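Reviewing the structure listed below.
Keep in mind the model is a prediction, meaning the values are calculated, not measured. The basis for the numbers below is simple: all heavy atoms, side chains too, and nothing from hydrogens, waters or symmetry mates.
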Amino acid sequence: MKLFGLIDCNNFYVSCERAFQPRLEGKPTLVLSNNDGCVIARSNEVKELGVKMGAPFFKIKQFCTQEGIEVFSSNYALYADMSSRVMTIIRQFEPFVEVYSIDEAFISFESEHPEALEEYFIRLRDIVLQSTGIPISIGVSTSKTLAKVTNHVAKKERESGVCILTQEGAIESILERFPVGDIWGVGRRFSERLQALGVKTALDLKNSVRLREQFGVVMARTIEELKGVPCQALEKAAPKKSIVCSRSFGERVSVLSALEEAVCLYASQACEKLRAQDSVASCIHVFLEASAFTADKQYSGGVTYPLPQATSDTRVIISAAKSIIKRLYHSGVPYKKAGVMLMEIGKNSVTQGDLFLENTSEATSELMQTIDGINARWGRSTLYFGAQGGPSGREWKMKSDSKSRNFTSAWDDLPEAS
DNA sequence: TCTGGGGTCCTAGGACCC
DNA sequence: TCTGGGGTCCTAGGACCC
């Protein structure tokens, strides 16, 4: 029988911090979003203290001090590296893996005796924990949606961290007490509407009919998946169709030159991502957001700009971004956020050339490859474009007051044993 | 003072084509 | 009295995910 599994890292960002700072073990620990804005990861101790996901940090700061909660700014260099270590081990156990997010992966396989697999997955769990320090939970069932449900059960109720359910009866007894809003694909809006119709649990949803007209095809698929009819296969990693780089500023920014620096930095980072997936973009969108405290919304907005030729050349994109930002900018407005989006992305190899432009793509790609290579070898921002401003002295840079070291990705930050 | 960042898919309606 | 049928593409908005 065809089965799906979901492997999920427990409290992932907190677990990454703990892996290199054992003193955090057993202590309430949380990780903040970019700009130290809100809570995006909580240890179990923090959850027990009642701190909610997404809680604005400024509102709970005092509470954190009172309760002795350990607070960290997000450290994506660390989390991304730990994630790839975990995924590498998973691939050694299972050939078919879909990396679904930084801390989750689906697997898919055939098995006639699923219950006998428990020991196998417990061993996977043990090896991941031993090799990386990251605890994981594993849920297995007959569709992706049910794998999500069993993963939930594994995390909350199973000492082993593994839950395998394939029998209809056993699945139903779980669905019966599973809130409809916790189902994968049922968000807050749908949850409210479903409950108003008396659909309160996953079992209610599984047994409901005629929801298709009101809730669309996505919900229809979810219902089928709850019945154990898989409607979603494992997906291969596909190149991104759009790439966004944007940040809120640590402080409000009103100076054009600073906005230009920020936008050029985001443009350059977006180009790096673009080249990493061997693509080119034909369109760029740049946006500015004014602080909510300036009454006028008119100063927030963006402009989309077609590029003369599909490209991944940072110089071309930066120059387009600069000309857009000049159009968007209003003197004296306090801006809180800016961003760059690359769109109409296609494969580098099948680009349409321009009859009237000089073909410089070969020289461009060599230059860009060289820059990317140097930065990969010697660290991000070893080489950068002048328009971005230097790595130091960016008065607009985001708030990140409590970041841990880059334990696994910077030579100077390697942990020391004493 | 003060609430992140990065994505995908679906649908409805309008413009336009033959 | 009274104006077809079928299709594509684009956009905006809504919903969801982590």
Taking only N and O in the side chain of [X], is any of them less than 4.0 Å away from OP1 or OP2 of [N]?
{"X": "R221(A)", "N": "dC9(B)", "result": "no"}
{"X": "S248(A)", "N": "dT3(B)", "result": "no"}
{"X": "S246(A)", "N": "dG4(B)", "result": "no"}
{"X": "S242(A)", "N": "dT8(B)", "result": "yes"}
{"X": "K399(A)", "N": "dC2(B)", "result": "no"}
{"X": "K336(A)", "N": "dT3(B)", "result": "no"}
{"X": "K148(A)", "N": "dC16(C)", "result": "no"}

Return the pairing partner of dC18(B) with a 3.5 Å limit on both distances, Watson-Crick or G-U wobble; otherwise return none.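 Answer to the pairing question: dG5(C), which forms a Watson-Crick or G-U pair with dC18(B).
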Considering every strand and a 4.0 Å limit on heavy-atom distances, what is the contact class for [X]: base, sugar-phosphate, or nothing?
{"X": "E251(A)", "value": "nothing"}
{"X": "I243(A)", "value": "sugar-phosphate"}
{"X": "I183(A)", "value": "sugar-phosphate"}
{"X": "F57(A)", "value": "nothing"}

[atom1] of [X] versus [atom2] of [N]: gap in Å, rounded?
{"X": "K240(A)", "N": "dC17(C)", "atom1": "NZ", "atom2": "P", "value": "17 Å"}
{"X": "Q214(A)", "N": "dG14(C)", "atom1": "CD", "atom2": "P", "value": "18 Å"}
{"X": "D36(A)", "N": "dG5(B)", "atom1": "CG", "atom2": "P", "value": "11 Å"}
{"X": "D103(A)", "N": "dG6(B)", "atom1": "CG", "atom2": "C1'", "value": "15 Å"}
{"X": "D401(A)", "N": "dT1(B)", "atom1": "CG", "atom2": "P", "value": "18 Å"}
{"X": "M341(A)", "N": "dG5(B)", "atom1": "CE", "atom2": "P", "value": "14 Å"}
{"X": "K337(A)", "N": "dT3(B)", "atom1": "NZ", "atom2": "P", "value": "11 Å"}
{"X": "Q232(A)", "N": "dC16(C)", "atom1": "CD", "atom2": "C1'", "value": "12 Å"}

Can a salt bridge be assigned to the pair [X] and [Y] using a cut-off of 4.0 Å between side-chain N and carboxylate O?
{"X": "E70(A)", "Y": "R18(A)", "value": "no"}
{"X": "K144(A)", "Y": "E98(A)", "value": "yes"}
{"X": "E224(A)", "Y": "K227(A)", "value": "yes"}
{"X": "R188(A)", "Y": "E192(A)", "value": "yes"}

Check step by step if ring pair (Phe, Tyr, Trp, His ring centres under 6.0 Å) holds for F93(A) and Y120(A). CA-CA 9 Å; F93(A) 274 70; Y120(A) 173 75; 5.5 Å; yes
Just checking D412(A): does its CG atom have more than 12 heavy atoms from other residues, nucleotides or ligands closer to it than 6.0 angstrom?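 Check fails, neighbour count at 12 or below.
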Please say whether more than 12 non-hydrogen atoms of neighbouring residues, nucleotides or ligands are located less than 6.0 Å from NZ in K61(A).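 No - once you tally the heavy atoms of other residues, nucleotides and ligands closer than 6.0 Å, there are 12 at most.
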How far, in whole Å, is dG4(B) from dC17(C) if one measures between their C1' atoms?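 Looking at atom C1' only, dC17(C) and dG4(B) are 15 Å apart.
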N/O donor-acceptor pair, side chain K59(A) with base dT3(B), under 3.5 angstrom: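 Side chain to base: pair found, below 3.5 Å.
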Of all the nucleotides listed ([options]), which has the minimum atom distance to the side chain of [X]?
{"X": "N34(A)", "options": "dA15(C), dG5(B), dG7(B)", "answer": "dG5(B)"}
{"X": "R247(A)", "options": "dT11(B), dG6(B), dG4(B)", "answer": "dG6(B)"}
{"X": "V244(A)", "options": "dG5(B), dG7(B), dC2(B)", "answer": "dG7(B)"}
{"X": "W184(A)", "options": "dG6(B), dC18(C), dA15(C)", "answer": "dC18(C)"}
{"X": "K273(A)", "options": "dG6(B), dC18(C), dT3(B)", "answer": "dG6(B)"}

Residue whose nearest DNA chain B nucleotide is more 5′ - E235(A) or S33(A):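 Counting from the 5' end, the first nearest nucleotide belongs to S33(A).
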